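This report concerns only the one structure given below.
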Amino acid sequence: MGAIWMAVRGELTRRRLQAIIIAIVILLAAASSTLAIALLVESSDPYDRAFEDQHGAHLVAFMDSDKVTEADAAATAAQVGSATSAGPWPETSALFRHGSAKYGLEVTGRDDPGGPVAQLKIADGRWPAAAGEIAITRSFAQLTGLHTGDTLQPIGTKDQTAYQVVGEVVDVEEGPATSATQWSWVTSSALPSLATTQPPSWEMAYRFGSNDASLVRDATAKLNDALPDGAVTLTITYSDVRSVVDSANSLTLTLLTAFSIAAVVAAAIVVANAVAGVAIAARRDIGIMKAIGYTRSQVVRVLVGVVLVPALIGCVIGVPLGAFGGQRLVDRTAAAIGLPTQAAPPVLTEALLGLALLALTAIAAAIPAAAAARPTVAAALTRGPALQSIAASRLASAIARLPVPYTWSLGLHDSMLRPVRSLRAGLTLLLGVAALVLAYGLSGTFDAFATGSSPDSTYAVQVDRLGDYSDSKLMSLLGAQPETKAVVAVASVRLNAPNLTEPVEATAYRGDARQLGFQLLTGRWYDGPGEVVVQQGFLRDTGLHVGERFDGGALGQTLSLNVTGEDFGVINGGHVVRMDWSTYQQLRPDGEPTTYLVKLAPGTDAAAFADRIEAADPQHLGAAVNSSNLAGPLGPARQVVAVLAVVLALIAMVGVFNTILFNTRERSHELATLKAIGMAPGRLIVMVLVSAGFIGLIAGLVGIPLGLRIHYQVLTRLGGALGTDLPGIAYDVFHPPAILAVLALGGILLAVIGALLPARAAARASVTSTLQTE
Amino acid sequence: MASLVEVKDVVKGFGAAGPALDHVSFEVQGGEFLCVTGPSGSGKSTLLNLVAGLDRVDSGTVRVDGVDVTEMNESQRARFRLSRIGLVFQFFNLLESMSVIENVMAPARLAGIDRRTARKLATETLASVGLAGKERQYPSSLSGGERQRVAVARAVINRPALLLADEPTGALDSDNGRRVMELLDERNRAGQTVVMVTHDLQLAGPHASRVLHLRDGKITSTESLDGKVGGRSLTATGSETP
């Protein structure tokens with residue numbers, strides 16, 4: 001072992017640069033795969049993990065306190081057959097102001113975050129203990145920027161007591177703030193003062209023996225049977241929340257899997273090139289070792305050792321780095337989907353991963369090492385590195401005939417001399433370019449979700465009418481503003497639909513709702529009374545299709561409604577119905593809108609407009625700039641894409657660096673000859689960069705369609721996870737098409753950056769000392 | 001006649017060892033065939049490399065065709081070689097990945113000559129060294145003598161004023177060595193100045209107009225031979241080692 005270690009140490013000292021390359025590549029591979037493992041392990045089923053941890057409720061029901069007493073509500077625990085339950089707690093909706101921002105929140109009066117069911121995990125601060133204290137969800141805090149210590153001022157209540165945020169909690173009974181209504185908690189004694197228009201509801205939480213959805217369905221039916229008609233105003237089930245959480249998480253996992261596989265493959269290719277490089281470069285040393293008495297097996301062990309030592313260093317740095325990065329992403333993912341932060345993956349898993357990588361590296365090194373150790377001593381000592389084949393030279397010469405300057409022609413020639421090596425470098429670049437295309441495409445997709453087809457495609461300001469400010473007065477106020485381009489007034493009603501256990505949110509629009517930026521997937525917009533536009537989640541769960549009719553019941557009336565089209569949406573599982581004002585009036589003839597969506601003239605300061613409207617009657621008007629978008633839950637996915645695209649680009653660059661370094665060293669004699677016969681160093685640099693850039697160009701040309709295909713597949717998977725097709729604007733993000741040419745140039749850029757240092761080193765190498773090394 | 005090469009008080013060393021060239025001065029007239037000889041380690045190849053601008057002097061000057069090579073940067077020296085100097089090496093130094101004709105065309109293409117013209121020139125030059133028909137072959141398929149003839153063709157394609165050859169026959173058998181010497185002699189008769197480093201004065205002597213002897217980095221003697229430059233004896237300015 002002493003002799004082997006001595007030889008390994010000697011080789012490492014002589015081949016420091018190659019050792020550093022191997023260490024960097026293994027570091028990147030270790031970091032990216034550890035990150036992937038950490039995320040895959042921790043994100044595989046975050047919701048169920050948190051649900052069990054916090055004794056989540058399979059069913060949460062809200063009951064009208066006009067029809068159900070507190071005792072009746074409590075009695076439902078036994079009636080629905082729950083294993084354990086909590087409540088009843090009083091619950092109401094309230095509007096709060098913080099600075100110029102306004103927030104609508106559901107508020108529950110609850111004195112204890114613990115209990116047998118629906119426990120709330122305090123992430124920051126403490127539980128409210130007195131009037132004027134409120135706890136909010138961490139997801140809501142992160143979305144709005146509110147912190148413990150901030151003050152929320154109720155709007156429209158008689159009691160003007162301000163509420164201080166004393167805690168941030170994680171609640172597994174609700175989805176993330178970006179895609180679900182958010183709850184908050186005050187003491188039970190403080191709750192009634194927040195109820196303005198109607199008395200508080202009763203909230204009950206039930207937990208059953210298992211997660212079986214049929215138990216929840218049966219329980220919901222029993223609950224409706226046990227209580228008067230219309231007493232149950234809302235139910236939230238385990239599967240509802242889980243699907244919302246999983247849809248956001250699923251995209252992250254899909255991207256993660258795709259990227260981490262690509263990163264590991266790219267790293268493996270680079271390692272293979274690096275190991276082959278060491279084996280070939282050490283050919284003469286191998287002959288000397290064998291000549292002085294090393295056996296073939298000992299030579300193989302020396303070569304493997306030369307690779308394993310830097311690989312070990314790469315693993316020792318890369319694994320903790322990946323684990324750290326993975327944990328940060330896990331935390332962000334958990335926060336974005338409204339779940340508690342999870343513990344780090346076990347150290348054993350990470351150690352095993354490191355060992356697996358080392359084993360793979362050893363195998364990758366042993367194969368070329370065994371081949372390199374095979375020649376006889378004489379052959380190893382007398383022959384130089386294996387020369388390229390005549391066929392490769394002819395291919396190179398053919399490519400070099402392209403009508404380009406001679407230096408470029410020589411570069412093209414060089415790029416083809418080692419086709420397999422170039423192919424390996426090209427593959428890493430191809431993955432890098434595809435990653436860039438995907439990252440660009442997803443960024444565009446997320447922006448499209450955030451802003452619609454254009455920032456002007458939706459409304460700018462939402463105005464809420466609270467209490468005694470009449471509809472006509474508000475319409476006059478809005479109409480009097482010179483910046484107002486259009487006003488669409490909105491009211492909602494809970495509508496019963498076939499095959500659904502609870503009513504869906506039906507929204508009625510007074511005015512042309514088409515200008516609000518809804519993305520129609522199929523069919524057409526509604527065009528009068530009795531016509532509705534729905535979403536895919538609704539169609540799927542009701543079994544309806546576009547063009548069919550259904551009986552929709554609300555407020556004691558039943559209407560025959562014709563589904564004319566479906567638009568894109570994921571909130572509330574796509575259980576959304578949109579209708580014309582005339583249809584709404586059939587259900588509620590005296591109904592008035594409560595919300596007004598205002599489109600403004602281009603260039604208008606929306607915040608100033610909102611402030612001006614609200615200033616007309618701050619007690620009865622709330623106006624806020626439209627900030628609703630879907631981009632929030634996709635935030636972690638965006639981060640995963642960015643991190644892994646950078647990792648892939650780095651691996652590609654290291655791969656090119658290694659390949660070009662290997663090429664220039666192997667061909668140092670020829671490069672010195674070219675310099676001797678009159679090639680200036682600058683031209684030699686250009687030649688080497690062209691040889692790398694050509695590989696980058698080919699990789700770019702292949703990587704673009706590959707990236708586009710992956711983008712399409714990822715969006716299809718995302719649509720599947722969200723339970724709906726995605727609108728065209730999600731796919732159609734490569735504008736102008738010339739951007740694809742720019743992205744293809746990314747392959748050349750990565751290649752040229754990777755090749756720059758070896759090219760400079762080759763240009764600076766001494767001609768005489770190289771040529772004298774015969 | 002003006003000197004084509006003027007080496008003046010040149011010193012060149014490598015690390016801690018003593019100087020490879022120690023205050024060497026000499027001149028080469030246009031049209032001369034100068035052989036530089038001496039034992040291994042005497043500084044012959046170092047001297048040739050300095051004249052070719054492949055290496056830098058520690059002190060002193062090297063002028064070729066009136067231009068001070070020591071004042072040039074590496075790019076300028078490369079361009080200078082391209083236009084004025086042809087190099088032939090002991091081990092040929094052909095570009096193995098290129099065909100014979102591509103090897104010969106390379107200096108012409110680097111000098112900016114278009115592909116068609118360069119190919120025509122290369123074909124003619126290859127024919128002049130007796131390698132017509134070998135254009136598409138690769139160096140690995142040629143004999144040592146043929147390889148060196150390709151190297152000579154490559155060295156002369158740009159019609160350089162100065163041809164520098166470092167042991168051009170050192171890796172060849174005597175027949176091939178003689179053939180290469182004849183080629184260099186032909187070039188010299190055609191007007192090109194030749195400076196050749198060699199161990200084998202028996203082979204080179206008949207073609208040389210003058211021989212410069214080096215030992216331990218110093219010129220020990222110069223010897224003018226008949227028949228090359230009208231029998232003129234050129235003065236060696238190096239000091240002779242006792």
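Each chain gets a letter, A, B and so on, in the order the sequences are listed, and its residues count up from 1. Not measured: the values here are computed from a predicted model.
Taking 4.5 Å as the heavy-atom cut-off, the residues of residues 112-137 of chain B that approach chain A are R115(B), R136(B), ordered by number. Among the residues in residues 693-703 of chain A, none has a non-hydrogen atom closer than 4.5 angstrom to a non-hydrogen atom of chain B. Contacts with chain A (heavy atom to heavy atom, under 4.5 Å) involve these residues of residues 151-167 of chain B, listed by number: R154(B).
Side-chain atoms of I677(A) and R81(B), non-hydrogen and from C-beta on, never get closer than 4.5 Å to each other. Using a 4.5 Å heavy-atom cutoff, the side chains of H413(A) and M98(B) are in contact.
Annotation: maximal heavy-atom pairing with chain B below 4.5 Å, among P681(A), A680(A), A763(A), occurs at P681(A). Heavy-atom pairs under 4.5 Å with chain B were tallied for S409(A), G682(A), A676(A); the largest tally goes to A676(A). Counting heavy-atom pairs under 4.5 Å between each of N73(B), L82(B), N49(B) and chain A puts L82(B) at the top.
Of all the heavy atoms in N93(B) and H669(A), the pair that sits closest is OD1-NE2, 2.7 Å.
With a threshold of 4.5 angstrom between heavy atoms, L87(B) approaches chain A through side-chain atoms but not through N, CA, C or O. With a 4.5 Å cut-off on non-hydrogen atoms, L410(A) touches chain B through its side chain but not through its backbone. Heavy atoms closer than 4.5 Å to chain A are found in both the backbone and the side chain of A106(B). Contacts of F89(B) with chain A are made by side-chain atoms alone, with heavy-atom separations under 4.5 Å and no backbone atom involved.
Distance alone, capped at 3.5 Å, places no donor-acceptor pair between the R667(A) side chain and the S97(B) backbone.
Note on residues 70-80 of chain B: pairs passing salt bridge (Lys or Arg N to Asp or Glu O under 4.0 Å), not counting sequence neighbours, are K675(A)-E74(B).
With rounding to the nearest 0.5 Å, the separation of CG in L417(A) from CD in E96(B) is 11.5 Å. The OG1 atom of T768(A) sits 7.0 Å away from atom CG of L54(B), with the distance rounded to the nearest 0.5 Å.
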